[in-house]
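The block underneath contains the structure these notes are about, expressed in structure tokens.
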Amino acid sequence: MPRRKKEIDYLSILRQLAASGMMESLPPNRVINNDEELMSVSDRVQQILAIINNKKRPAGNMLFFVMYDIESNKVRRYVVKYLEKKGCTRVQKSIFLADLSMDKYQTIREDLTEVQAAYENNDSILVVPISTDYLKAMKVIGQNIDVDIITHTRNTLFF
């Protein structure tokens, strides 16, 4: 019979990190690990648009971004895994978009607040609610993707 892996609560892991003597953040010159690789920009935009254009969005759901600047690779990896497990969509290396219930929104805010307080650091974590209209008005700068066409917000005039 295969051995069942014991699942450890995310906040318990962070408490263990704090108790292990990790009292300060690592220097900001961090190495980007392979686990932080992203999908292509067009795939990420498609994920965002799937969230925006979902006609069966539950009425009680809330759209919000989670953005962070976390110096410690270890803590950052745990935050990434935590957000993905909670159902957030990664849109950039340090930015997640979520369309979740108010209860999950509150849980994420509380858990990330506890992460911030778990050890001495210079990190910042932002949880920013956003309306669907603002999300549809987003612009991608620097990549060869025309979000206006994808979101059907560009008007074309024929003469």
Side-chain angles (χ1 to χ4, degrees), residues 1-54 56-58 60-132 134-135 138 140-143 145 147 150:
M1 188 166 185
R3 198 172 205 193
R4 199 168 182 177
K5 189 175 180 181
K6 182 181 175 186
E7 189 169 323
I8 300 174
D9 179 64
Y10 170 74
L11 292 174
S12 298
I13 293 170
L14 287 174
R15 287 186 193 105
Q16 289 173 355
L17 283 174
S20 70
M22 189 173 116
M23 297 307 294
E24 295 182 18
S25 295
L26 298 175
N29 295 333
R30 57 184 175 246
V31 176
I32 303 299
N33 297 323
N34 288 338
D35 64 343
E36 293 188 17
E37 289 181 14
L38 295 174
M39 295 183 293
S40 71
V41 174
S42 59
D43 289 342
R44 287 182 278 148
V45 169
Q46 290 304 320
Q47 279 188 316
I48 293 169
L49 293 174
I51 292 170
I52 295 170
N53 297 323
N54 183 2
K56 295 181 180 178
R57 247 183 106 225
N61 272 18
M62 178 173 194
L63 283 168
F64 60 96
F65 281 109
V66 177
M67 300 172 265
Y68 56 83
D69 184 11
I70 299 173
E71 294 176 348
S72 167
N73 289 334
K74 198 170 201 175
V75 174
R76 192 172 52 254
R77 276 192 303 274
Y78 281 120
V79 168
V80 167
K81 288 177 185 178
Y82 170 78
L83 292 172
E84 288 172 343
K85 187 176 180 179
K86 288 292 185 182
C88 299
T89 301
R90 194 174 202 172
V91 293
Q92 289 196 357
K93 288 191 179 188
S94 61
I95 301 175
F96 283 79
L97 175 64
D99 181 18
L100 300 171
S101 68
M102 284 296 289
D103 291 341
K104 285 188 179 181
Y105 168 76
Q106 291 296 347
T107 300
I108 289 170
R109 281 187 53 204
E110 291 167 5
D111 289 351
L112 292 178
T113 299
E114 192 169 332
V115 167
Q116 181 66 19
Y119 66 102
E120 186 179 319
N121 62 69
N122 294 317
D123 300 345
S124 60
I125 303 172
L126 303 170
V127 181
V128 182
I130 186 167
S131 72
T132 305
Y134 281 130
L135 197 55
M138 78 175 174
V140 176
I141 300 171
Q143 295 293 329
I145 293 179
V147 177
I150 296 170

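Position 1 is the first residue of the sequence, and the numbers go up from there.
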Is [Y] close to [X] at the side-chain level, that is, under 4.5 Å between some pair of heavy atoms?
X: I130; Y: F65; answer: yes
X: E71; Y: D123; answer: yes
X: I70; Y: V79; answer: yes
X: Y82; Y: D111; answer: yes
X: V115; Y: V75; answer: yes
X: M67; Y: F96; answer: no
X: M62; Y: L100; answer: no
X: F64; Y: I108; answer: yes

Can you name the closest pair of heavy atoms from [X] and [Y] and give their distance?
X: Y105; Y: V127; answer: CE1-CG1, 3.5 Å
X: L63; Y: S131; answer: CD1-C, 4.3 Å
X: R90; Y: Y68; answer: NH2-OH, 3.6 Å

Distance in Å, [X] [atom1] paired with [Y] [atom2], rounded so as to fall on 0.5 Å steps:
X: L112; Y: L83; atom1: CG; atom2: CG; result: 5.5 Å
X: S94; Y: L126; atom1: OG; atom2: CG; result: 9.5 Å
X: M102; Y: R109; atom1: CE; atom2: CZ; result: 8.5 Å

Which residues pass the side-chain hydrogen bond (donor to acceptor under 3.5 Å, both in side chains) test with E110, sequence neighbours left out? none

Does the pair T107 and K86 meet the rule for a side-chain contact (heavy atoms from CB on, under 4.5 Å), with working shown? CA-CA 10 Å; T107 300; K86 288 292 185 182; 3.9 Å; yes

Got a donor-acceptor contact below 3.5 angstrom from the N61 side chain to the D99 backbone? yes

